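Notes follow once the structure below has been shown.
Convention: sequence-line order gives letters A, B, ...; per-chain numbering from 1. Since the structure is predicted, the reported quantities are computational estimates derived from the model, not experimental observations. Excluded from the calculations below are hydrogen atoms, water molecules and symmetry mates; all remaining heavy atoms, backbone and side chain alike, are included.
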Amino acid sequence: MRIATWNVNSVRQRLAPLLSFLKESNPDILCLQELKCEETAFPRMEVEDAGYNVVLHGQKTFNGVAILSKSPIEESTVGLPGFDHEGQSRYIEAVVSNGDAGVFRVASIYCPNGNPPDTPKYAYKLRFMKALTAHAFALLKLEEATVLAGDYNIIPEPRDAHDPSAWVADALFLPESRAAYRRLLNLGYADALRAATDDAGLYTFWDYQAGAWQKNKGIRIDHLLLSPQAADRLARVEIVKEMRAGDKPSDHVPIFAELA
DNA sequence: ATGACAACGCAACGTTGA
């Protein structure tokens, strides 16, 4: 069972790379973030023709999250429970029965960026993380194979940035942000990549500006968090780095967890 | 060298993102 997450930075601009990713990488489940369109503008027919069921929470211009699944989606909920999202579409959760692989609960999450830190945007980010942590704690009690996947907009550790010193005052790397991420891990969720490797220099985002990709000045901010029941089955993690080098790339690349 | 990007809405350039 292969589950991936990808911030596409506009699903309409990324339709060709998305369809080629579905065909070549063949994920069973794919979580998307930053759709940047309302549900009526989502390329549903193209995605369904590629063999996927879809649930999504769209929004004009900004945000927007989706879950794509080869197997039928049995139930889905829109929005982070207990959180006043103020009109921002950043969370969708679904239960998928994946044949012999069993039942999975999956969330596609687009955590707020939070910059600049001295504004309400940062307070919103921390408030989102607090609500996410409370919900993640409640989900643990279900004792299911759960994957909380998405763009967390948090660099967990210095080894997750090409130049950590450049990020010390940024909402993505401030101590409060990193502590909020650690609180999720401390509940008992595993950061899939860190369960697989200790290597530094593994990134999921490279800025469009200043040749960041060519210089490999990246950061790791897209994460798959696994409940104990999911983590027990983790076989492999892969960052699909080559997607950043393709035509009209997103500034993020997909990351996969393969569960046995 | 102090610039360098992309997407949106909407038809000029300000806002947002990271």
Side-chain angles (χ1 to χ4, degrees), chain A residues 5-18 21 31-43 56-66 85-91 108-129 132 149-178 180-181 193 201-223 239 241 243-255:
Chain A
T5 182
W6 187 19
N7 178 326
V8 285
N9 186 17
S10 171
V11 70
R12 290 177 295 173
Q13 292 296 323
R14 224 61 64 204
L15 184 58
L18 172 62
F21 175 71
C31 299
L32 298 176
Q33 299 87 37
E34 281 210 88
L35 305 178
K36 293 190 172 180
C37 66
E38 291 177 312
E39 179 151 10
T40 50
F42 183 89
L56 70 102
H57 192 203
Q59 183 185 335
K60 194 176 184 177
T61 313
F62 302 118
N63 310 314
V65 286
H85 55 80
E86 299 174 10
Q88 301 186 29
S89 303
R90 295 182 176 274
Y91 187 94
S108 180
I109 305 167
Y110 179 44
C111 293
N113 171 306
N115 279 308
D118 59 348
T119 67
K121 290 188 175 189
Y122 192 58
Y124 183 90
K125 178 188 185 116
L126 294 179
R127 196 161 67 74
F128 183 95
M129 288 302 292
L132 179 61
D151 175 1
Y152 280 78
N153 268 315
I154 293 174
I155 302 165
E157 297 179 279
R159 61 178 164 170
D160 298 312
H162 171 267
D163 180 9
S165 69
W167 295 93
V168 289
D170 194 285
L172 278 60
F173 194 55
L174 282 173
E176 296 93 324
S177 304
R178 295 175 57 197
Y181 186 74
L193 187 99
L202 299 173
Y203 309 132
T204 62
F205 170 91
W206 296 261
D207 201 293
Y208 286 122
Q209 298 184 67
W213 164 247
Q214 288 76 10
K215 297 172 187 166
N216 195 28
K217 292 186 171 180
I219 51 177
R220 188 174 77 91
I221 54 176
D222 300 271
H223 309 301
I239 297 171
K241 196 175 176 182
M243 293 294 294
R244 188 65 178 78
D247 283 340
K248 285 199 62 161
S250 169
D251 39 9
H252 298 249
V253 297
I255 173 170

Check your understanding: Is the phosphate of B:dA7, meaning OP1 or OP2, less than 4.0 Å from a side-chain N or O of A:Asn9?
Key -> no

What residues 201-215 of chain A contributes to the DNA chain B interface at heavy-atom separation below 4.0 Å is A:Phe205, A:Tyr208, A:Gln209, A:Ala210

Kindly list each side-chain donor-acceptor pair under 3.5 angstrom involving residues 160-170 of chain A, sequence neighbours excluded, with atom names and distances?
residue, atom, partner, partner atom, Å
A:Asp160, OD1, A:Arg194, NH2, 2.8
A:Asp160, OD1, A:Arg220, NE, 2.8
A:Asp160, OD2, A:Glu157, N, 3.0
A:Asp163, OD1, A:Ser165, N, 3.4
A:Asp163, OD1, A:Ser165, OG, 2.7
A:Asp170, OD1, A:Asn115, ND2, 2.9
A:Asp170, OD1, A:Leu172, N, 2.8
A:Asp170, OD2, A:Asn115, ND2, 3.3

Salt-bridge contact A:Arg90-A:Glu34 (side-chain N to carboxylate O under 4.0 Å) = no

ask   = Any side-chain heavy atom of A:Trp206 within less than 4.5 Å of one from A:Asp251?
value = no

Rounded to whole Å, CG of A:Asn63 lies from P of B:dC8 at a distance of 13 Å

Open item on the list: Does a side-chain N or O of A:Tyr152 approach OP1 or OP2 of B:dA18 to a distance below 4.0 Å, or not?
Closed with: no

Are any protein N/O atoms closer than 3.5 Å to N/O atoms in nucleotides 9-12 of chain B? If there are, list each pair with its distance.
none

Given Watson-Crick and G-U pairs under 3.5 Å, DNA chain B in dot-bracket ([ ] crossing, | other strand) is ....(((((...))))).

Residues pairing under salt bridge (Lys or Arg N to Asp or Glu O under 4.0 Å) where one sits in residues 205-218 of chain A, two or more places apart or in two chains, turn out to be none

Here the distance between atom C1' of B:dT16 and atom CZ of A:Arg90, to the nearest Å, is 11 Å

Test side chain to side chain donor-acceptor pair (under 3.5 Å), reference A:Asp222, set A:Thr5, A:Asn153, A:Thr204, output is A:Thr204

Residues at least two apart in sequence or cross-chain that pass ring-ring contact (aromatic ring centres under 6.0 Å, His included) with A:His252, listed by chain then number, are A:Phe205

